[in-house]
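Only a predicted model underlies this, so the values are computations on that prediction, with no experimental measurement involved. In what follows, every chain begins at residue 1, and chains take the letters A, B, ... in the order their sequences are listed.
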Amino acid sequence: MKKLGEIALGIVTGIGGFLEAGSIATASQAGSEFGFQLAWVMLLGTASLACLMEMTGRLAAVSHRSYADLMRERFGVRFFLLPLVALLLVSFLSLAAEVGGVAITLEMATGISLRWWAIPVALLGWALLWRGTFGLMEKGTAIFGLVALVFAVGAFKLHPHWPDVAKALLPSTPSHDRARYWYIAVSVLGASISPYLYVFYSAGAIEGGWTVDDLGVNRMTVSLGNIFGGALAICVVVVAAMVLAPGHVKVDSFEPISRMLVTPLGEAGFVLFAATLFVTCFGTTLEIALAMAYLLAEGFGWAWSQNLRPSKDARFSMTYTVAILAAAVPIVLGMNPFALTNIAMVLTAASLPVTVLPLIVLMNDRRILYRDTNGWMSNAALVIISVMAIALFVAAIPLQVTGGG
Amino acid sequence: MDERGMLHLVHEVLDAQLLDRHDQKIGRIDDLVLELGDDGRPRVSAVLIGGSPRARRMGSWIAALARLFGLRETGVSRVPFAAVRRIGDDVALDVEQGDLSSERLERWLREHVVCRVPGSAGERK
Amino acid sequence: MTNPQVLLGELVGRRVRDDEGRVIGRVLELSAEIALREHDRDYVVTTYHVASFGHLDRIAGSRFMQQLIEMLGPRMGCHRYLVPWDIMDITDPRRPRLRRPLDPRWHQGPR
């Protein structure tokens, strides 16, 4: 019964958790400029993320050590610096983008500039992390994240030709604007496969006290959560394709995205979009700040747990405090959250190799995983994802230059 | 430790998580001191935590940078290997967190920053 | 009179040369056992695990690459030597050397 509850929580978390500033922005750009065509990239990103999460979850459940922990322990502090620095930099940009996302919804709601909202948002997030437990955060963001289902409702009410959507789940090449197509593809992948996600998931498995008995729950949670989450992200593409593409509306801010749901749902669509953006970005803000803290704390052996009072893990608590408050600064200084989001997504995609390749060694080490090392299918998936990660590393910056809006 | 009671120094000891007398986390093993005995046989003599040993393992240029910024030897903890109580997933030492200079930052932050903020004290949330 | 001290971190991953100066591999692991003495139990080093990477040695600088190559290695001819503690001279940990010629009995097949 408890296991069913965990799986249900995982599904619900996946629904809202998958959407945040990055995935909403990139999915909207994909839909408005290329119709359904880029849906396959969403599918690829979701499937890859599911594999990576299952693996880091399995690592934590079997070895009782999280991914960051094992990276430091097996490869030493010198190698660990690579994923550490890359992840901290990229996560910080994403964190600033998410804070911006929350601030923008408050601007939409009140008319007061988002630059004034950045610090209050950061402080609210910090307060929740300081006082709240891991379970509270998890359940809270999951429940409130259900508002994101508005995209599914909107997509269905627009009556797209679903067979066309299904066809778009197969890889295709563009008929026009090649650089732009692949640039958006790279951003979508960066938005879907964010390293803070599987680092956080791994630490969360330790917080939740997972053991070998939870491997089934791990697989179910990851599969179902990502299926629902990915489907919802595809709904965003569908809505953008149906509403924005016909008018060739250029998506260069959250403004046109906020009006997308008005077509199927009336003014309620605008309100529900704002609520969705608020909740999903806020939840992601907490997640990224924590992921950065887990990474540093686990790598350097500090005391850490979201279930401990801050006085028991001072360095860990101060890390997420500094991270979340510093992330408000770019927004206060006037950086455009939309532009920030796009850059964060592309750099995330480029950074993937340093957090994916170590899994090749760890997932096949019998001294860590005993009988639960990767089977041939998991290894095949891992190799494909690794090759993709290296391709993204090579292509991301050139594409940002040639295809970035 | 494997079946024959052999301890693998790189796999099981180096970079392992350290715990104090109360099983609280107190950092990781950043280096091990091997002492060459009279017979020339290396003996595992001490555990090094923090400071310049850690900087040195990160890379020679980081170590040089650290020296430039005045990273002093006082931030290093050197614990005799005899203080090891247990070696398993973690390495448990018979020390108090308060006695370790490598944990200085934790204590300083706790005293001067964290405890000044409401809601920070207590054991569990 | 204090005994010479060596840091493990300076030794791990270094190229090991035989008594004639030829590179035979890199130090990947040290096995230690408890030696009971009058006052204490001390861990003393028993064996050095030296991994031979062949022509892949050039890219085997980091612990990650070393483990990756060893994992894929048996197919590429990677193997280990188990060198007894008294044969290895680690007074300069950055340049570990064998005191005697390489003994084929130290060869441990692909794991």
Spatial distance of atom [atom1] ([X]) from atom [atom2] ([Y]) [nearest 0.5 Å]:
{"X": "W302(A)", "Y": "K25(B)", "atom1": "CH2", "atom2": "NZ", "result": "13.0 Å"}
{"X": "D15(B)", "Y": "D69(A)", "atom1": "CG", "atom2": "CG", "result": "10.5 Å"}
{"X": "F316(A)", "Y": "L109(B)", "atom1": "CZ", "atom2": "CG", "result": "14.0 Å"}

(request) Give the C-alpha distance, both sets of side-chain angles, the deciding distance and a yes or no for side-chain contact (heavy atoms from CB on, under 4.5 Å) between E73(A) and H11(B). (result) CA-CA 8 Å; E73(A) 214 180 279; H11(B) 182 72; over 6 Å; no

(request) Under 4.5 Å, counting heavy-atom pairs only, tell me which of G132(A), S317(A), S305(A) racks up the most with chain B. (result) G132(A)

(message) For the interface with chain B, which of A303(A), A297(A), A314(A), G299(A) has the highest count of heavy-atom pairs at distances below 4.5 Å?
(response) A314(A)

Check [Y] with [X], please: is the shortest side-chain N to carboxylate O separation under 4.0 Å?
{"X": "R315(A)", "Y": "E103(B)", "result": "yes"}
{"X": "R78(A)", "Y": "D31(B)", "result": "no"}
{"X": "D90(B)", "Y": "R65(A)", "result": "no"}

(message) Less than 4.5 Å to any heavy atom of chain A: does that hold for the side chain of L14(B), its backbone, both, or neither?
(response) backbone

(message) Please classify the contact of I62(B) with chain A as side chain, backbone, both or neither, using a heavy-atom distance under 4.5 Å.
(response) side chain

(message) Looking at every heavy atom in both I29(B) and R72(A), which two are closest together, and how far apart are they?
(response) O-NH2, 3.9 Å

(request) Determine the minimum heavy-atom distance between S63(A) and D89(B), stating which atoms define it. (result) O-OD2, 4.1 Å

Toward chain B, the part of [X] with a non-hydrogen atom under 4.5 Å:
{"X": "Q306(A)", "answer": "both"}
{"X": "L81(A)", "answer": "side chain"}
{"X": "T133(A)", "answer": "both"}

(message) Once ring pair (Phe, Tyr, Trp, His ring centres under 6.0 Å) is applied, do any residues pair with F144(A), and if so which ones, sequence neighbours excluded?
(response) none

(message) So, using ring pair (Phe, Tyr, Trp, His ring centres under 6.0 Å) as the criterion, who are the partners of W304(A) when residues are at least two apart?
(response) Y294(A)

(message) Can you pull out every side-chain hydrogen bond (donor to acceptor under 3.5 Å, both in side chains) where at least one residue sits in residues 119-130 of chain A? Sequence neighbours excluded, please.
(response) W126(A)-T321(A)

(message) Do D313(A) and Q24(B) have side chains that approach each other closer than 4.5 Å (heavy atoms only, starting at C-beta)?
(response) no

(request) Considering only heavy atoms, give the residues of residues 110-120 of chain B separated from chain A by less than 4.5 Å, sorted numerically, with 'none' for an empty result. (result) R110(B), V113(B), V114(B), C115(B), V117(B), P118(B), G119(B), S120(B)

(request) Step through the shown structure and confirm whether more than 12 heavy atoms of other residues, nucleotides or ligands are within 6.0 Å of CD1 on I368(A). (result) yes

